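Single-structure report; data block below.
We use all heavy atoms of the structure for the numbers below, so side chains are in, but hydrogens, waters and symmetry mates are not. Quick caveat, the model's predicted, so the values are computed rather than measured. To find a chain, count down the sequence lines: A is the first, B the second, and so on, and within it residues start at 1.
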Amino acid sequence: MIQVQLPDGSVKDYADGTTAFDIAKGIGERLAKATVAAEVNGTIIDVNRPLNEAPGERPLQFKLLTEKDAKAIGVLRHSTAHLMARAIMRLYEGVGLAFGPTTGNGFYYDFDLKTPISVDDFPKIEAEMQKLVELGEPFERFQLDRDKAIEFCRDLKQDLKVEHMETGLAAHESVSFYRQGEFADLCRGPHIPDASRIKAFKVLSVASAYWKGDAKNKPLQRVYGTAFFSKDDLKEYLDQVEEAKRRDHRVLGKQLNLFNISNDVGQGLSLWLPKGATVRATLEDFIKKELLLRGYTPVYSPHIGRVEMYETSGHFPYYRDSQFSPIFGHDAGQLVDYWIRKINDGKLQDCEEKQFAETAKLMGCEVAGDALRASTKEDKTRILHQWERNQERYLLKPMNCPHHVQMYKSQPRSYRELPIKLAEFGTVYRHEHAGSLNGLLRVRGLTQDDAHLFCMPEQVEEEFKSTLELVKFVLGSVGLDDYRVQLSLRDSKNKDKYVGSDAGWESAEATLRNVLESMKLPFEAREGEAAFYGPKTDFMVKDCIGREWQLGTVQLDFNLPERFDLEYIGPDNKPHRPVMIHRAPFGSMERFVGMLIEHFAGAFPLWLAPEQLRVCPVTDNANEYAKQVEAQFRASGFRINTDTRSTKVNAKIRDAQLDLIPYMLVVGPKDQEAGAVSIRDRIGGKDLGMLPLGEALAMLQKEATERAVRQVVKSKFRSFDQDQGEMFAE
RNA sequence: GCCAUCAUAGCUCAGUCGGUAGAGCGACGCUUUCGUAAAGCGUAGGUCUUCGGUUCAAGUCCGAAUGAUGGCCCCA
């Protein structure tokens, strides 16, 4: 007998060998037909697996997953990946199978193929898949001991699977397979009951990837696809992809002259053109005002800092590979640094070392000879390192926090001053891989809307709450109100990985959880995802076409106060250690504006638009009056221009419309006579009619100061990218 | 950093078999003076990303470098 608890709370007994399908059938035929998989004690399993095999507590927490459950789509896609692999094996000779997982909005399967697959082959593959769907064969699970399984895959000539079982799955005594007709694949599952459930699918693209993601391994061909329970859902998804292409911020950025990334300046280094800079400055001014109201104080810090400071913070050694090389005060610095690293890696040959020493001496490094004569590796590095530490070495700032920590340390602190909130739009530099740069979304020089809060442990709750409220507020100001929060906690089984006391972590994690709950923010706790220095929360924000972006972040830090030995004097007249909160509501200005361009498809709301209004005189005769109108609006703080070209007014309106100017002020003799303007709304191209100047001004001012967002249509799209963004606060 | 593809006027692109460069839009000039998505005519604008090679001859073929795009990896 097995005890099962259904979602309604009722507990029922079933005979051993009962499957989810049996239970569904017991409830109703139609439910059984709609059931895709079952969730048992939080794990998704096949509908035809005996429930007594499920591990975990009894009674089993049991839930049927139908096509309506968000979790069911992953099962469908994984099965479609198998189907695609089977189709490709039918079409090509000697296909090696690697991995075939699901992704945020589809799936892929990696193949080792003799002939490359191209886009032209997709229809052929899809046709073969369709045949398999029509066969409607079941996905059958079977279990083999590891030895047997290895033998089985060897017979199938699936070398990659053999290797994976010998290495990655070495700890597993037995492994599971899924069979569908002639096709059998090593797979953990779960799968849909049979192929006829696959109602809509598409092969999307092909790219190269490495076996197990390691460039040392052989390159494989990764074929991407997606699947849905209905044709409508698939169409909706494909429309979304089209829509995303239309909104590409790199294309719009060029068209609208917002920003430019020039070869001559360097990869990943953005130039903010006047229009893009206006959007950014408007956002920055808005935040700065808000921060003043919330007790933050502005600070500024330089773009470089001594390497030692980043060694103390721990970031220099750890992130060296993704930083720009240090700037050395001494000519020989770079050489000596390279020399030390070679010694440490044990890759230095005698002749090379002599060359280094000679060159270093030529460059004026006197200790080079001593290092050469030193007998042990340790002595050599000690001598060289000592020399190096006496030189000036600077790092292009990879983050702002060490600078702000130094500001905290610049004087003794009393508990009465806390919390201290230091805010700076700090520009930092990171040497991101060339292949991962992407417009404004991934750059090498970026400005964080950064701030660091130094507070007493007992203030953490309140301060954490206030930062979350700030993030909510600023996201709302641009009309972003659809988001969820990821709460990253430490891995409770692996406590050694983290700094700070056990009690400190426990109370901090409980505090974060309480605050999120009390604020009724939808959040998802992720154990083991915390940074080594503290728990954190990230805002995953949905844009108007349903894509998810990782933007703002709030992080607790026990580490830096420790490393930099930060203190405050408490009411007991004894020194105490403060806690730091890092936070960046937008993340980086680059990424945020890039995201906004896509969110608004370049059509910014009035308060953000780089050019808010454009005066379109009907003929040259109206130019003078147009200029008067322009001057009046400009004096009231509007960003406004007049189109004085001697073209037809239709052309002026068309160009203003294409430049995505929120409102056009059409003026001619009639308006001049009435002291009015005729307003045209960009949205829908509506003629709002003639308004007296004062009224027009008041109306537009109201919209701008309210930061109204009029146009963003909430998308019907349900699927979204699991877009992994950057984590900005340190 | 790795794999694949690509690089022609300010922008979007054409350029056949290797024979010395073309369009539309934009800019500029002249004409036009027009009321809610494109007036007409004309002019200027190019070391075909760079370097090297093959050839009588290279935008075109070959090699390398640089950059971009897509994917992998990474993302404090």
Side-chain angles (χ1 to χ4, degrees), chain A residues 103 108 110 116 118-119 204-224 248 250-251 254-255 257 260-264 266-268 310 313-323 398-402 428 430-439 441-444 446 448 531-533 536 550 553 555 557 559-560 582 587-588 591 616-623 645-659 663-671 678-682 684-690 724-730:
Chain A
T103 60
Y108 64 80
D110 287 345
S118 81
V119 186
L204 295 172
S205 62
V206 59
S208 80
Y210 292 100
W211 170 237
K212 297 195 169 176
D214 190 336
K216 286 188 221 86
N217 292 336
K218 80 160 68 168
L220 304 171
Q221 294 200 53
R222 175 166 299 180
V223 183
Y224 284 87
D248 190 321
R250 293 167 302 189
V251 176
K254 183 167 256 183
Q255 256 168 33
N257 292 316
N260 184 232
I261 295 179
S262 157
N263 229 336
D264 297 331
Q267 282 185 301
Y310 300 106
S313 75
H315 289 100
F316 175 68
Y318 195 72
Y319 292 105
R320 172 138 203 187
D321 288 346
S322 46
Q323 283 164 8
M399 59 243 149
N400 300 304
C401 31
V428 298
R430 296 170 182 184
H431 195 270
E432 304 286 0
H433 281 171
S436 58
L437 299 173
N438 176 281
L441 301 181
R442 193 76 181 269
V443 286
R444 286 184 172 165
L446 54 111
Q448 302 172 242
F532 71 92
Y533 50 76
K536 61 171 184 172
Q550 182 171 335
T553 177
Q555 314 191 354
D557 187 346
N559 181 47
L560 287 183
H582 309 252
S588 88
R591 188 173 159 78
C616 301
V618 172
T619 69
D620 286 357
N621 296 332
N623 279 357
R645 293 174 304 170
S646 67
T647 52
K648 285 172 72 168
V649 72
N650 282 6
K652 297 179 189 179
I653 286 170
R654 178 172 192 269
D655 289 342
Q657 192 78 24
L658 293 176
D659 287 344
Y663 291 100
M664 287 148 247
L665 308 180
V666 180
V667 296
K670 282 185 249 170
D671 304 274
S678 298
I679 304 185
R680 179 189 160 102
D681 187 349
R682 185 195 64 79
K686 265 191 310 235
D687 184 354
L688 303 181
M690 210 159 80
Q724 286 301 308
E726 285 166 272
M727 325 270 233
F728 285 109
E730 289 77 26

May I ask you to say what A/Gln323 touches in the nucleic acid, namely base, sugar-phosphate or nothing, with a heavy-atom cut-off under 4.0 Å?
base
How would RNA chain B look in dot-bracket form, 5' to 3', counting Watson-Crick and G-U wobble pairs with both distances under 3.5 Å and writing | for bases paired to another strand?
(((((((..((((.....[..)))).(((((.......))))).....(((((..]....))))))))))))....
If you assign A/Ala434 and A/Gly266 each to the RNA chain B nucleotide with the nearest heavy atom, which residue ends up on the more 5' nucleotide?
A/Ala434
Going by modelled atom types, is there a donor-acceptor pair between the base of B/C74 and the side chain of A/Arg442 at under 3.5 Å?
yes
In chain order, what residues pass the side chain to side chain contact (heavy atoms under 4.5 Å, CB included) check against A/Ser322, with sequence neighbours excluded?
A/Tyr319
Taking the C1' atom of each, how far is B/G24 from B/G45, in whole Å?
15 Å
Looking at every strand, decide which applies to A/Tyr318 at a 4.0 Å heavy-atom threshold: base, sugar-phosphate, or nothing.
nothing
How far does CG of A/Leu441 sit from OG of A/Ser436, to the nearest 0.5 angstrom?
12.0 Å
P atoms of B/U8 and B/U49, separation to the nearest Å:
6 Å
Taking atom P of B/A68 as reference, at what distance in whole Å does atom CG of A/Asn260 sit?
12 Å
Sorted by chain and number, sequence neighbours left out, side-chain hydrogen bond (donor to acceptor under 3.5 Å, both in side chains) with A/Asn623 holds for none
In whole Å, what is the span from the CG atom of A/Asn438 to the C1' atom of B/C73?
15 Å
Is A/Gln267 close enough to B/A68 that one of its side-chain N or O atoms is under 4.0 Å from OP1 or OP2 there?
yes
Nucleotide-resolved protein contact map, nucleotides 30-38 of chain B, B/S/- at heavy-atom distance under 4.0 Å:
--BBBBBBB
In Å and rounded to the nearest 0.5 Å, what is the CZ to CD distance from A/Arg444 to A/Gln323?
13.5 Å
Separation between CG (A/Leu658) and CZ (A/Arg682), nearest 0.5 Å, reads 10.5 Å
P spacing across the pair B/U16 / B/U20, given as an integer number of angstrom
12 Å
Between NZ of A/Lys536 and P of B/C75 the distance, given in whole Å, is 10 Å
Among the candidates B/G71, B/A76, B/A68, find the nucleotide nearest to the side-chain atoms of A/Tyr319.
B/A76
Take atom P in B/G71 and the same atom in B/G15, then report the distance between them in whole Å.
27 Å
Please measure how far the C1' atom in B/A14 lies from the corresponding atom in B/A9, and state the result in whole Å.
13 Å
A/Asp655 vs A/Arg645 side-chain heavy atoms within contact, under 4.5 Å:
yes
So, using side-chain hydrogen bond (donor to acceptor under 3.5 Å, both in side chains) as the criterion, who are the partners of A/Gln657 when residues are at least two apart?
A/Arg680
Can you check the A/Asp264 CG to B/G67 P distance for me, whole Å?
12 Å
Report yes if some heavy atom in the side chain of A/Arg591 is under 4.5 Å from a heavy atom in the side chain of A/Leu446; otherwise report no.
no
From CZ of A/Arg645 over to P of B/C28, roughly how many Å is that when rounded to an integer?
9 Å
Rounded off to whole Å, could you give me the CD-to-C1' distance for the A/Gln255 and B/G26 pair?
13 Å
Please identify each residue that fulfils side chain to side chain contact (heavy atoms under 4.5 Å, CB included) with A/Ala622, with sequence neighbours left out.
A/Pro617
N/O (side chain, A/Arg250) to phosphate O (OP1/OP2, B/U69) under 4.0 Å
yes
Which of these nucleotides, B/U12, B/C73, B/A76, is closest to any side-chain atom of A/Ser436?
B/C73
Partners meeting side-chain hydrogen bond (donor to acceptor under 3.5 Å, both in side chains) with A/Asp248 (sequence neighbours left out)
A/Arg250
C1' gap between B/C11 and B/C3, integer Å:
31 Å
For atom P, what is the distance between B/C75 and B/C17, given to the nearest Å?
48 Å
What one-letter contact string describes nucleotides 45-51 of chain B from 5' to 3', where B marks a base within less than 4.0 Å of any protein heavy atom, S marks contact via sugar-phosphate atoms alone, and - marks no contact?
-------
Quick one: side chain to side chain contact (heavy atoms under 4.5 Å, CB included) partners of A/Ser313, sequence neighbours excluded?
A/Tyr310, A/His315, A/Met399, A/Pro402, A/Leu560, A/Phe564
Could you say whether A/Lys254 or A/Ile261 is positioned toward the 5' end of RNA chain B, judged by the nucleotide with the nearest heavy atom to each?
A/Lys254
Taking ring-ring contact (aromatic ring centres under 6.0 Å, His included) as the definition, give me every residue that meets it alongside A/Tyr224, ordered by chain and number, with sequence neighbours left out.
A/Tyr108
To the nearest angstrom, how far is A/Leu437 atom CG from B/C73 atom C1'?
13 Å
Measuring only the C1' atom in each nucleotide, how far is B/U60 from B/G19? A whole number of Å is fine.
11 Å
Those residues at least two apart in sequence (or on a different chain) that pass side chain to side chain contact (heavy atoms under 4.5 Å, CB included) with A/Leu688 are A/Tyr663, A/Ile679, A/Asp681, A/Lys686, A/Met699
To the nearest angstrom, how far is A/Arg430 atom CZ from B/C73 atom P?
20 Å
Who are the side-chain hydrogen bond (donor to acceptor under 3.5 Å, both in side chains) partners of A/Arg320, not counting sequence neighbours?
A/Asp337
